[in-house]
Amino acid sequence: ARPLLKLVEVSGHGLPWLLGTAYGLCRSGSAAAREVLLNLLFALLLDLVLVAVVKGLVRRPRPTHNKMDMFVTLSVDKYSFPSGHATRAALVCRFVLHHLVLAVPLRVLVVLWALIVSISRVMLGRHNVTDVLFGLLLGYALYSVVEYCWLSPLSAPALFALW
């Protein structure tokens, strides 16, 4: 089961999300799509910064049974609290459910993906349950911040002029 869990781990990693969003932003031909993708990029960057700051402040070590076989780690990733994957999964889940028109089965799959990513963090030994629970709450709350600070051509014309 570990190889499958590691695949789930990659699906919640920040690097593929950042690169995929940046690529989509560069290739998008629609102003509405660019607005959504720019805000997703903003959300992902905010997520990375916030999680890194909290990890640096709390400095909770990872569980002792964690194997150091993670995909692309940084120095702050030696700490456990909060789970960046869980934070990102909750943030992306809420973002996708709010900004994409999806049929009910796809909406269920998005929520299941977020839950499976979060559960995989504990099963792989990367995090304690409290790291994941706080990460989910942080990601859920972070989406509200992104919505409040929503970037639009009116509020951030310089950003939109780049694309």
Side-chain angles (χ1 to χ4, degrees), residues 5-57 70-77 79-121 124 126-127 131-163:
L5 289 172
K6 289 186 71 176
L7 181 63
V8 171
E9 177 178 52
V10 172
S11 79
H13 196 281
L15 192 58
W17 279 101
L18 283 170
L19 293 176
T21 303
Y23 177 76
L25 190 57
C26 291
R27 302 287 296 167
S28 176
S30 157
R34 281 193 299 273
E35 182 176 341
V36 170
L37 288 169
L38 185 63
N39 281 283
L40 179 57
L41 185 62
F42 167 66
L44 292 169
L45 291 171
L46 190 60
D47 165 62
L48 286 175
V49 169
L50 187 60
V51 168
V53 166
V54 174
K55 280 185 178 195
L57 290 173
M70 290 185 281
F71 173 75
V72 186
T73 60
L74 303 172
S75 62
V76 74
D77 279 342
Y79 300 119
S80 178
F81 185 90
S83 166
H85 281 72
T87 304
R88 191 168 310 103
L91 172 68
V92 168
C93 175
R94 205 165 164 212
F95 194 99
V96 165
L97 293 178
H98 192 265
H99 292 285
L100 294 181
V101 179
L102 299 173
V104 173
L106 290 176
R107 294 175 75 79
V108 170
L109 284 176
V110 170
V111 172
L112 284 176
W113 168 79
L115 292 174
I116 291 169
V117 166
S118 300
I119 292 167
S120 77
R121 309 312 295 152
L124 285 168
R126 310 280 195 239
H127 294 281
D131 304 337
V132 172
L133 291 176
F134 185 81
L136 286 169
L137 289 173
L138 185 61
Y140 188 87
L142 190 56
Y143 174 77
S144 297
V145 172
V146 171
E147 277 295 304
Y148 181 77
C149 300
W150 189 260
L151 303 172
S152 71
L154 297 175
S155 66
L159 283 174
F160 286 90
L162 293 173
W163 285 281

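This structure is a prediction, so every number in the text was calculated from the model and none was measured.
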Next on the checklist: Are the side chains of Val92 and Val110 in contact, using a 4.5 Å heavy-atom criterion?
Outcome noted: no
Checklist entry - Would a distance-only check, ignoring hydrogens and angles, find a side-chain to backbone donor-acceptor pair under 3.5 Å from Thr87 to Gly135? => result yes
Checklist entry - Hey, is the main chain of Tyr140 close enough, under 3.5 Å, to the side chain of Arg94 for a donor-acceptor pair? => result yes
Item to check | Minimum side-chain heavy-atom gap Leu124-Glu9 below 4.5 Å | outcome: yes
Checklist entry - What distance do His85 atom NE2 and Ile119 atom CD1 have between them, rounded to the nearest 0.5 Å? => result 14.5 Å
Item to check | Donor-acceptor pair, side chain of Trp17 and main chain of Ser11, under 3.5 angstrom | outcome: yes
Next on the checklist: Do Leu48 and Leu18 have side chains that approach each other closer than 4.5 Å (heavy atoms only, starting at C-beta)?
Outcome noted: yes
Item to check | Minimum heavy-atom distance Gly12-Val117, with the two atoms named | outcome: CA-CG1, 4.3 Å
Checklist entry - Quick one: which of Leu38, Val36, Leu40 gives a side-chain contact (heavy atoms from CB on, under 4.5 Å) with Leu25? => result Leu38
Item to check | Interatomic distance, Leu136 atom CG to Ser83 atom OG [nearest 0.5 angstrom] | outcome: 7.5 Å
Checklist entry - Which pairs with one or both residues in residues 37-49 pass salt bridge (charged side-chain N to carboxylate O under 4.0 Å, His left out), sequence neighbours excluded? => result Asp47-Arg88
Checklist outcome for this item: d(Leu44 CG, Thr21 OG1) to nearest 0.5 Å is 5.0 Å
Item to check | Phe95 CZ to Glu147 CD distance, which is reported to the nearest 0.5 Å | outcome: 7.0 Å
Item to check | Nearest-0.5 Å distance, CG of residue Leu57 to OH of residue Tyr79 | outcome: 11.0 Å
Checklist entry - Which atoms form the tightest heavy-atom contact between Ala43 and Val146, and what is the distance? => result CB-CG2, 3.5 Å
Checklist entry - To the nearest 0.5 Å, how far apart are CG in Leu19 and CG in Leu41? => result 10.0 Å
Atom pairs and distances, donor-acceptor, side-chain atoms in residues 151-161, under 3.5 Å, two or more places apart:
{"unit_1": "Ser152", "atom_1": "OG", "unit_2": "Leu154", "atom_2": "N", "d": "3.3"}
{"unit_1": "Ser152", "atom_1": "OG", "unit_2": "Ser155", "atom_2": "N", "d": "3.2"}
{"unit_1": "Ser152", "atom_1": "OG", "unit_2": "Ser155", "atom_2": "OG", "d": "3.3"}
{"unit_1": "Ser155", "atom_1": "OG", "unit_2": "Trp150", "atom_2": "O", "d": "3.4"}
{"unit_1": "Ser155", "atom_1": "OG", "unit_2": "Ser152", "atom_2": "N", "d": "2.9"}
{"unit_1": "Ser155", "atom_1": "OG", "unit_2": "Ser152", "atom_2": "O", "d": "3.4"}

Next on the checklist: For Val132 versus Arg121, what's the shortest heavy-atom pair and its separation?
Outcome noted: CG2-CB, 3.8 Å
Checklist outcome for this item: Looking only at heavy atoms, the pair that brings Ser120 and Val8 closest together is OG-CG1, 3.8 Å
